[in-house]
Amino acid sequence: IGRRSMGDAFRALVLDQKDKKVTVEFRNLTTDDLPDGDVLVRVKWSTLNYKDGMILNGLGRLVRTYPHVPGVDFSGEVVSSSDARYKPGDEVVLTGWRVGEAHWGGYGQMARVKADWLVPLPEGLDAAQAMSIGTAGFTSMLAVMALEEQGISPKQDGEVLVTGAAGGVGSVAVSILSALGYRVAASTGRAETHAYLRELGATTIIDRNELTDTSKPLLAERWIGAIDSVGSTTLAHVLSEMKYHGVVAACGLAGGADLPGTVIPFLLRGVRLIGIDSVMCPYATRIRAWERLAKELPIGQLNAATTKVSLRDVVPWGEKILEGQIKGRLLIDVQDC
Ligand code: NDP
C-alpha cells in the first residue's frame, strides 16, 4: 500500500497492526495494491457476519497478515477477467474461501479474486438481495439441505428448532424452513424480536434460557431437526431433546466453541449431528444452494430481515454483532464510503 502506482483508485476499509493491536481506517488504494487473482470486481455490496465482527475486533487470529481488507462476502460487477468464465459487466457473488481472512475481501470498492471462488449472480436475485442473504443466509440453506439429506421433511410430526434465531443465520433459517412448510420453533434471548420471528414464520418462540440445562444426557423428545448457530451448552441441551433419529445441523459458536455433553443422545436415540461449512463448500453445492435461495426464500421476509448501512458506518456494528445485538442481516453499501 502507498507505493507509486497507475491502477484505478478506490476506497477501502483497511485493518493494520500497531503495537500488536488492530487498527481500522479508510484508505485510498489503487487496483495495483490488490492481491493476485483472475477476476477484478467492482464491489457493490458486502455484509456483516459474525466472523467479520471478530476480524474487525482482531479476535480469533483469523487474519494473519496485515495490512488487510476484511469482508467475508461480496457481490458486484466484473471489471476485467483473465478467466474465460467471466467477462466485464457480469454480476458475481462471493462467499467463503477465506476471502476477508487470508485474502483481501469485500470491504473495499474493488476486489481481485480467483475465478473459482465466484458464482454468477443467481437468476431471480439482484446484487443487493444476494448479499442480504450473504454468507449467513447461504449457510442457512446448506443447513436446510443437510437436514433434507438426512431424511428430515415437513411431513414429519414435529418442529424444527432454530437457535440464535434473531441473528443472521437464524433469521434466514426460520424463513426458509417456514416457506418449505416446516413447523419452526425459534429460540431467542431477545423478547423484542418475538414479533419479528413470527413474521418470518416461527410457530413457537422459545426463550434461550430454556435451552441451557446440560445436567441430564436425555430430556423429553421435542425436535425432529435443529439448526444451531450457538454451540456450547445450547447445542448440548438441544442434542438431549432431539426426537428419535433427529438431526442437528451445527453452524456456529455464538455462545462458545465447547460442547459439554455426552454421547448418550447418539447411542440411545440415533441422533445425528452434521457440521455445516460454508467456507470450502464445493462449486456444485454452492450453485444448488444459491438456486434454491433465489427460488425458495420469500423476498418480503428477506427485506424485513435486512438493515442497510454504509461501509463508513460498519465498525460499531462489528461490536454489536459480537454482543448478539444484530437482528437479521446487515447489508453494507460498499460504494458509500
Ligand atoms: P449473529 O450474531 O447475527 O447471530 C448469532 C445469534 O446467536 C445472536 O443473534 C443471538 O440470537 C445468539 N447468541 C449470541 N450470543 C449468544 C450467547 N452467548 N448464548 C446464546 N445465544 C447467543 O451471527 P451470525 O448469524 O452471522 O452467525 C452465527 C454463528 O454462525 C457464528 O458463530 C458464525 O461464526 C457462524 N457461522 C458459521 C458459518 C459456517 O460456515 N459454518 C457461516 C456463517 C456463520 P438471539 O438474540 O436470537 O438469542
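Read the numbers this way: they start at 1 and go in the same order the structure lists the ligands and their atoms. For this chain, numbers begin at 1 and follow the sequence in order.
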Chemist: Nearest protein heavy atom to atom 25 (O) of ligand 1, by residue and atom, and its distance?
Modeler: Val169 N, 2.8 Å

Chemist: Answer with side chain, backbone, both or neither: which part of Cys251 has a heavy atom less than 4.0 angstrom from an atom of ligand 1?
Modeler: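 For Cys251, only backbone atoms sit under 4.0 Å from ligand 1.
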
Chemist: Could you tell me whether the side chains of Thr23 and Tyr66 share a donor-acceptor contact shorter than 3.5 Å?
Modeler: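 Checked: Thr23/Tyr66 side chains show no N/O donor-acceptor pair below 3.5 Å.
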
Chemist: To check your reading of the model: name the closest protein heavy atom to atom 48 (O) of ligand 1, its residue, and the distance in Å.
Modeler: Gly189 N, 2.8 Å

Chemist: Would one find an N or O of Ile276, backbone or side chain, under 3.5 Å from an N or O of ligand 1?
Modeler: yes

Chemist: Looking only at non-hydrogen atoms, which of Leu330, Asp73, Thr139, Leu48 approaches atom 42 (C) of ligand 1 most closely?
Modeler: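 Looking at heavy atoms only, Thr139 sits closest to atom 42 (C) of ligand 1.
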
Chemist: Do any nitrogen or oxygen atoms of Ala136 come within less than 3.5 Å of a nitrogen or oxygen of ligand 1?
Modeler: no

Chemist: Give me the residue, atom name and distance of the protein heavy atom closest to atom 9 (O) of ligand 1.
Modeler: Arg190 NH2, 3.1 Å

Chemist: Can you find an N or O of Ala166 that's nearer than 3.5 Å to an N or O of ligand 1?
Modeler: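 Checking ligand 1 against Ala166, an N or O pair does fall under 3.5 Å apart.
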
Chemist: Taking atom types as modelled, find out whether Ser310 and Asp333 have a side-chain donor-acceptor pair closer than 3.5 angstrom.
Modeler: no

Chemist: For residues 178-187, dump all side-chain donor-acceptor pairs below 3.5 Å to protein atoms at least two apart in sequence or in another chain.
Modeler:
residue, atom, partner, partner atom, Å
Tyr182, OH, Ile152, O, 3.2

Chemist: Please state whether Ile321 comes within less than 4.0 angstrom of ligand 1, counting heavy atoms only.
Modeler: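 Flag set, Ile321 near ligand 1.
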
Chemist: Any ion pair linking Lys44 and Glu77 (charged N to carboxylate O, less than 4.0 Å)?
Modeler: yes

Chemist: When you look for heavy atoms under 4.0 Å from ligand 1, do you find them on the side chain of Ala165, its backbone, both, or neither?
Modeler: backbone

Chemist: Looking only at distance, does Thr234 have an N or O less than 3.5 Å from an N or O of ligand 1?
Modeler: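 Looking only at distances, the answer is no, because the N/O contact criterion of under 3.5 Å is not met.
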
Chemist: List the residues meeting side chain to side chain contact (heavy atoms under 4.5 Å, CB included) with Glu192, not counting sequence neighbours, and say none if there are none.
Modeler: Arg190

Chemist: Is any N or O atom of Val279, backbone or side chain, closer than 3.5 Å to an N or O atom of ligand 1?
Modeler: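 No, no N or O pair falls under 3.5 Å.
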
Chemist: With the side chain counted from C-beta on, respond yes when Ile321 and Leu330 share a heavy-atom pair under 4.5 Å apart, and no when they do not.
Modeler: no

Chemist: In plain terms, say whether Lys308 and Asp336 are close enough for a salt bridge, that is, a side-chain N and a carboxylate O under 4.0 Å apart.
Modeler: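 No, this pair does not count.
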
Chemist: Pairs of nitrogen or oxygen atoms closer than 3.5 Å, one from Thr188 and one from ligand 1: do any exist?
Modeler: yes

Chemist: For atom 7 (O) of ligand 1, which protein heavy atom lies nearest, and how many Å away is it?
Modeler: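 Here the closest protein heavy atom is Gly164 CA, 3.5 Å.
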
Chemist: Does the N or O separation between Asp277 and ligand 1 drop below 3.5 Å for any pair?
Modeler: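 Between Asp277 and ligand 1 (N or O atoms, distance only) the closest approach is not under 3.5 Å.
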
Chemist: Indicate whether the side chain of Thr193 and that of Thr188 have a donor and an acceptor atom separated by less than 3.5 Å.
Modeler: yes

